[in-house]
Amino acid sequence: MAEMLKTSDPTPPQPIHIPFETTYSGLPKRFYAHCPPAPFPRPEMVRFNAPLADALRIERAEADNAALAAAFSGQRPPEGAAWLAMAYAGHQFGHLVPALGDGRAVLMGEVIDRSGQRRDIQLKGAGRTPFSRHADGRAPLGPVLREYVVSEAMYALGVPTSRALAAVTTGEPVLRETAQPGAVLTRVASSHLRVGTFEYFAVRDDQAAVQQLADYAITRHDPDARDADNPYLELLRRVSRRQAELIADWMALGFIHGVMNTDNTTLSGETIDYGPCAFMDHYHPGTVYSFVDQMGRYAYGNQPGIGQWNLARFAEALLRLLGNDSNEAIAAAREILEAYTEHHEAAWLERMRAKLGLATAMEEDRALVDHLLAILARNRVDFTGFFRRLADAAETTTVDSDIGALFQDPDDWQRWSGRWRERLDLESADSGTRAAAMRWTNPAVIPRTHAIEQAIRAAEDEGDFAPFHALVEAVSHPFEAPESTEAPWARPPRPEERVPNTFCGT
Ligand code: AMP
Ligand code: MG
């Protein structure tokens, strides 16, 4: 009752304080549109990320769940909220779309977190904006829960990512193929600057804006790049490196983003926009989950190459800042894009070595990794499950027949493991230390697609959020042995649980 009174009282003091220091609103008006959130009938908190709120210095001593739900659905926002939807363009599935922009997201504001890092706080699904085009600016509950779980899992796995601060149901149905419960996700990111933000101004030949945006990006993400001979070239180099590393992280975890459009490619090097993403179950480089990706453009194995393609679009948008004449600029950009591939491959191999328990680097390691991936693909072996078991195999050969049973042809495993053990003999660490290190790099728990699906079904169909909360808790400790190996997040799907396709759900 007290909770209800609190939301219906017309003039209560706002119990939540966020120390906003928003800088994006200082950019020219054509960079964004002001846009307050839509009214919603009955906001209710699904989950609030209190440790993250503390890290962001959000004060909420007096706030109950109703007040938090009202704030993080935009109904009773903390003082100083900026409410702006950012303009951006983007290449979607290879095709330029000159005007996209935040059609269902609004920036509440920026804060400086406890570690001194600037962060955007953004509401996703809070209503229409001038960039919504024909769409409704709303988000159904399912995709909000998926983004919450997967982004928090990525964070716990050590992958640069946007994070989830809150998920709130709105009390308003959202019409898709059927009516679904509406929800708002509060996401937090180092920034929402994308390759597509640059493309927006480049396609309009608004060179002043491109430069202003690049200066803003340098101030925000790479302040020391200002000391370089050409700070814009240095920005391209830094962004390329971050993408090279990020995609190496994805590959090492079997993560498929699903929509690697340039509007989803950040300057910060964080993963954003968790739509039809998935962690692969059995290994195959051609794996695609997204229903809309019929051509497999964003298949697991294509991600490194697509990363480079997206960076080439970034270089094009920046081109006139990259050199004194276009030949010089193109040559400089090309060099950086080539270095991306080298950097990515080195970063990937480093991660694969760690997955195999190799602390030193040797010439033959690449061949060992390639051999493994070939037999994992041929035998349709569960990617995450295999590497987790490999830590056991680093300690004892008694698990070998169990691991062999994961393969259709156990001889493949016998041959490869013989080679792997010969290589381990060249390492100095003892087997216990090695296995422990492997368990810190090869997760036991990931947000498996079937586990997410089960959590969403329970929430949508029965209003039961317990499986969602259990999943978030489990993926927040991905390297710890799970309480039950039967839990859906700790094992591959059973045949009847398999989810063949994922959907954007926008
Ligand atoms: P995404 O697939 O989430 O990266 O979104 C691509 C573009 O579509 C962005 O400009 C979004 O803002 C826009 N968009 C996606 N869903 C909606 C929606 N429900 N309402 C308005 N705009 C949307
Ligand atoms: Mg997007």
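All residue numbers refer to positions in the sequence shown, counting from 1. Counting starts at 1 for both ligands and their atoms, following the listed order.
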- Query: Do any N/O atoms on Arg104 end up under 3.5 angstrom from N/O atoms on ligand 1?
  - Reply: yes

- Can you tell me if Asn264 has a non-hydrogen atom under 4.0 Å from ligand 1? yes

- Query: Asp273 heavy atoms, cut-off 4.0 Å: which ligand 1 atoms fall inside?
  - Reply: 1 (P), 3 (O), 4 (O)

- Message: If only side-chain N and O atoms count, and only distance matters, is there a donor-acceptor pair under 3.5 Å linking Arg187 with His192?
- Response: yes

- Lys NZ or Arg CZ of Arg204 over Tyr200 ring: under 6.0 Å, within 45°: yes

- N, O or S of Asp273 under 2.8 Å from the Mg ion (ligand 2): yes

- Message: Show me which atoms of ligand 1 lie under 4.0 Å from any heavy atom of Arg133.
- Response: 7 (C), 8 (O), 10 (O), 13 (C)

- Hey, does Ala135 come in under 3.5 Å of ligand 1, counting only N/O atoms on both sides? no

- Counting heavy atoms under 4.0 Å, the part of Tyr88 that contacts ligand 1 is side chain

- Item | Enumerated ligand 1 atoms positioned under 4.0 Å from heavy atoms of Gly101 | 9 (C), 10 (O), 11 (C), 12 (O)

- Message: Could you check whether any heavy atom of Arg176 sits closer than 4.0 Å to an atom of ligand 1, since that is the contact criterion I want to use?
- Response: yes

- Side chains of Thr265 and Gln243: donor-acceptor distance under 3.5 Å anywhere? no

- Task: Check Arg133, Arg194, Arg128 against Asp102 for a salt bridge (charged side-chain N to carboxylate O under 4.0 Å, His left out) and give me the one that passes.
- Result: Arg194

- Going by distance only, is there an N or O of Val259 that falls short of 3.5 Å from an N or O of ligand 1? no

- Ring-face cation contact, Phe93 with Arg297, 6.0 Å cut, 45° max: no

- Determine, for Arg220 against Glu110, whether the closest basic-nitrogen to carboxylate-oxygen distance falls under 4.0 angstrom. yes

- For Val184, does its backbone N or O pair with a side-chain atom of Lys124 as donor and acceptor, under 3.5 Å? no

- Pair His344, Gln308: side-chain N/O donor-acceptor within cut-off below 3.5 Å: no

- Message: Against ligand 1, does Arg128 come closer than 4.0 Å with any heavy atom?
- Response: no

- Message: Out of all atoms in ligand 1, which are within 4.0 Å of some heavy atom of Gln92? Include the element for each.
- Response: 6 (C)

- Considering only heavy atoms from C-beta outward, does the side chain of Phe255 approach that of Val150 to under 4.5 Å? yes

- At a 4.0 Å threshold, what atoms of ligand 1 neighbour a non-hydrogen atom of Asp263? 4 (O)

- Within 4.0 Å of some non-hydrogen atom of Gly137, the atoms of ligand 1 are 18 (C), 19 (N), 20 (N), 21 (C)

- Give a yes/no answer: is there an N/O/S atom of Asn264 under 2.8 Å from the Mg ion (ligand 2)? yes

- Say whether, by atom type as modelled, one donor and one acceptor occur between the side chain of Tyr24 and the main chain of Gly109 under 3.5 angstrom. no

